[in-house]
S.K.: 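Below is the structure I would like to discuss, written out as structure tokens.
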2 protein chains.
Amino acid sequence: MTETRPLRRDARDNIAKLQAAALEVFLAKGLDASLDEIARTAGVSIGTLYNRFGSREGLIDAVIPEVAGSKLLAFGTAVLAKTTPRERLEEFVTGMIDLQGEDPALNDAILRRYPDAVALLGICDRSIALGQDLVRDAHADGSLSPDFTEHDLFCMLWLAGIANRDPHAPANWQRVITRALDQAWTVGAAGQHAQTEVRGGSREGAEK
Amino acid sequence: MTETRPLRRDARDNIAKLQAAALEVFLAKGLDASLDEIARTAGVSIGTLYNRFGSREGLIDAVIPEVAGSKLLAFGTAVLAKTTPRERLEEFVTGMIDLQGEDPALNDAILRRYPDAVALLGICDRSIALGQDLVRDAHADGSLSPDFTEHDLFCMLWLAGIANRDPHAPANWQRVITRALDQAWTVGAAGQHAQTEVRGGSREGAEK
DNA sequence: ACCTAACTTGAGTGCACCCTCAAGATGGAA
DNA sequence: TTCCATCTTGAGGGTGCACTCAAGTTAGGT
């Protein structure tokens, strides 16, 4: 506990400006956006950014966990509102893929690109843990084949993550990933649910 | 047709040294390897590399199409040796994923990262076209669901490509992709073939 | 042995990013 | 109003890549 005297007004203002700018730029371009650009957007020098946040990770942790956390919390309750384990898991997968597609910052968080942003990491872990609970529920329930593992779920989200990061992604790559889940249900005629529900951003393609 | 006088001996030697070095480095690190490193490996200055090949794409096209072409040709005949459309397509998918995993240069080629390397592009296109023929055959045959499209196959290879490029890939992400094919066969109890056959390089994981 | 067109060289330019720190500006207590 | 601890600034140093071009070297014809 070090004695922390209050910040000067200009310092607090600059922190606020930097946080606003960081939020805007990170959400638009992902967590590896240029810090110079963030400082410029905030109307503050790059030196001030480092004075206040120390590093990129510091800035990330000061800004992203809150928005990502509330998004993921709302998402979690929506998922749990579904009635069957299968519906919940399907909703989780398609929903996460959509969220990652809409939000490059969340996407980078799930890819663990900045492992020193510990606050953010914790939040992502909680969300992934929720998904893995759903896998276990679906196993217990008998609806999900045991050879679809919790790790497989992680791989699906990771694949979606790296796919989102490529500006030349072909259209509708999401189908490949969601099909992998469709394949794993024990009942026949695997769900059209997941396949058709991907609402996300699909970029135009480098397709032929 | 410009009158092309023979090259001087030192020039020809340097071309050979550069090609050998480029092959080595490209195969090890992918087509975006540092050109300085290639020149250094060849024992030649970076200026000479540019004198002789003009650009990265020029060097790629002078070196990769031959090896990639013969690999893919052999692969193609191996695939066609399988008896059923289903076996052929499964072999194609798992085999391509393996090849891409072993060979970063081929992987980059399939991702079309250097669209100006026209010779290489042509070769990759032929291979992808083979896969798409196999999809059509499996459709005609009735064994593959019509909602698995040729484009879906392209997406599978593309996903494998970007996954291969990430040094922090989790273990066994390949299963997610091959499962997407398993899902699409019209007969029940979808193939253990594809799932268990991925022989490739699976890196250790960022898994927990 | 000489000569020159062909060739090689590598320091240099440019770019984009990260991060630092000496010098200057300013909030706010006294 | 004074004054200094706090804060901001932005040029500058470092990295790592692509690409160029004036100056120097050499193959190989005569």
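In what follows, chains are A, B, ... by sequence order, proteins preceding strands, each numbered from 1. Hydrogens, waters and symmetry mates are skipped; everything else that's a heavy atom, side chains included, is used.
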S.K.: Consider only side-chain N and O atoms of B/Trp185 and A/Gln183, and report whether a donor and an acceptor are under 3.5 Å apart.
M.R.: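 No pair is found: no donor N or O on one side chain lies under 3.5 Å from an acceptor on the other.
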S.K.: Which residue pairs satisfy the salt bridge (Lys or Arg N to Asp or Glu O under 4.0 Å) criterion with at least one member in residues 64-76 of chain A, sequence neighbours excluded?
M.R.: A/Lys71-A/Asp103
S.K.: Rounded at 0.5 Å granularity, tell me how far CG in A/Asn51 sits from CG in A/Leu18.
M.R.: 10.0 Å
S.K.: Measuring from atom CD of A/Glu37 to atom CD1 of A/Ile46, what distance do you get when rounded to the nearest 0.5 angstrom?
M.R.: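 Answer for the CD-CD1 pair, A/Glu37 versus A/Ile46, is 11.0 Å.
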S.K.: Can a salt bridge be assigned to the pair A/Asp133 and A/Arg136 using a cut-off of 4.0 Å between side-chain N and carboxylate O?
M.R.: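 Here A/Asp133 pairs with A/Arg136 in a salt bridge, since their nearest N and O are under 4.0 Å apart.
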S.K.: Drop me the distance from A/Leu31's CG to A/Ile60's CD1, to the nearest 0.5 angstrom.
M.R.: 4.5 Å
S.K.: When you list every nucleotide of DNA chain C with an atom under 4.0 Å from a heavy atom of chain A, which one comes first 5' to 3', and which comes last?
M.R.: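 Footprint of chain A along DNA chain C, 5' to 3': C/dC18 to C/dG28.
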S.K.: At 10 degrees resolution, what angle do the end axes of the helix from C/dA1-D/dT30 to C/dA30-D/dT1 form when each is taken over five base pairs?
M.R.: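 Helix axis angle between the two ends: 30°.
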S.K.: May I ask you to decide whether B/Arg56 forms a salt bridge with B/Asp116, counting only side-chain N to carboxylate O separations under 4.0 Å?
M.R.: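 Looking at B/Arg56 and B/Asp116, the cut-off is not met.
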S.K.: Return the residues of residues 13-28 of chain A meeting this criterion: a heavy atom under 4.0 Å from some atom of DNA chain D. Order them by number, or give none.
M.R.: A/Asn14
S.K.: If a pair satisfies salt bridge (Lys or Arg N to Asp or Glu O under 4.0 Å) and one of its residues is in residues 41-52 of chain A, list it, with sequence neighbours excluded.
M.R.: none
S.K.: Using a 4.0 Å cut-off on protein heavy atoms (strictly under), produce a 5'-to-3' string for nucleotides 13-21 of chain D with B for base contact, S for backbone-only sugar-phosphate contact, and - for none.
M.R.: ----SSBB-
S.K.: Quick one: ring-ring contact (aromatic ring centres under 6.0 Å, His included) partners of A/Phe148, sequence neighbours excluded?
M.R.: none
S.K.: In chain order, what residues pass the side-chain contact (heavy atoms from CB on, under 4.5 Å) check against B/Ser55, with sequence neighbours excluded?
M.R.: B/Glu57
S.K.: Could I get the full list of ring-ring contact (aromatic ring centres under 6.0 Å, His included) partners for A/Phe92, not counting sequence neighbours?
M.R.: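 A/Phe92 satisfies ring-ring contact (aromatic ring centres under 6.0 Å, His included) with A/Phe75 once adjacent residues are dropped.
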S.K.: Can you pull the salt bridge (Lys or Arg N to Asp or Glu O under 4.0 Å) pairs that have at least one residue in residues 15-24 of chain B, sequence neighbours excluded?
M.R.: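 Listed by first then second residue: nothing to list.
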S.K.: Got a second to check how far A/Ile110's CD1 is from A/Ser127's OG, nearest 0.5 Å?
M.R.: 6.5 Å
S.K.: Could I get a table of every N or O pair under 3.5 Å where one atom is in the protein and the other is in nucleotides 28-30 of chain D?
M.R.:
unit_1: D/dG28; atom_1: OP1; unit_2: B/Arg9; atom_2: N; d: 2.9

S.K.: Is a salt bridge present between B/Arg179 and A/Asp152, judged by a nitrogen-to-oxygen distance below 4.0 Å?
M.R.: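 Salt bridge flag = yes for A/Asp152 with B/Arg179.
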S.K.: Tell me which pairs pass salt bridge (Lys or Arg N to Asp or Glu O under 4.0 Å) where either residue lies in residues 155-164 of chain B, with sequence neighbours left out.
M.R.: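 Non-adjacent pairs meeting salt bridge (Lys or Arg N to Asp or Glu O under 4.0 Å): zero.
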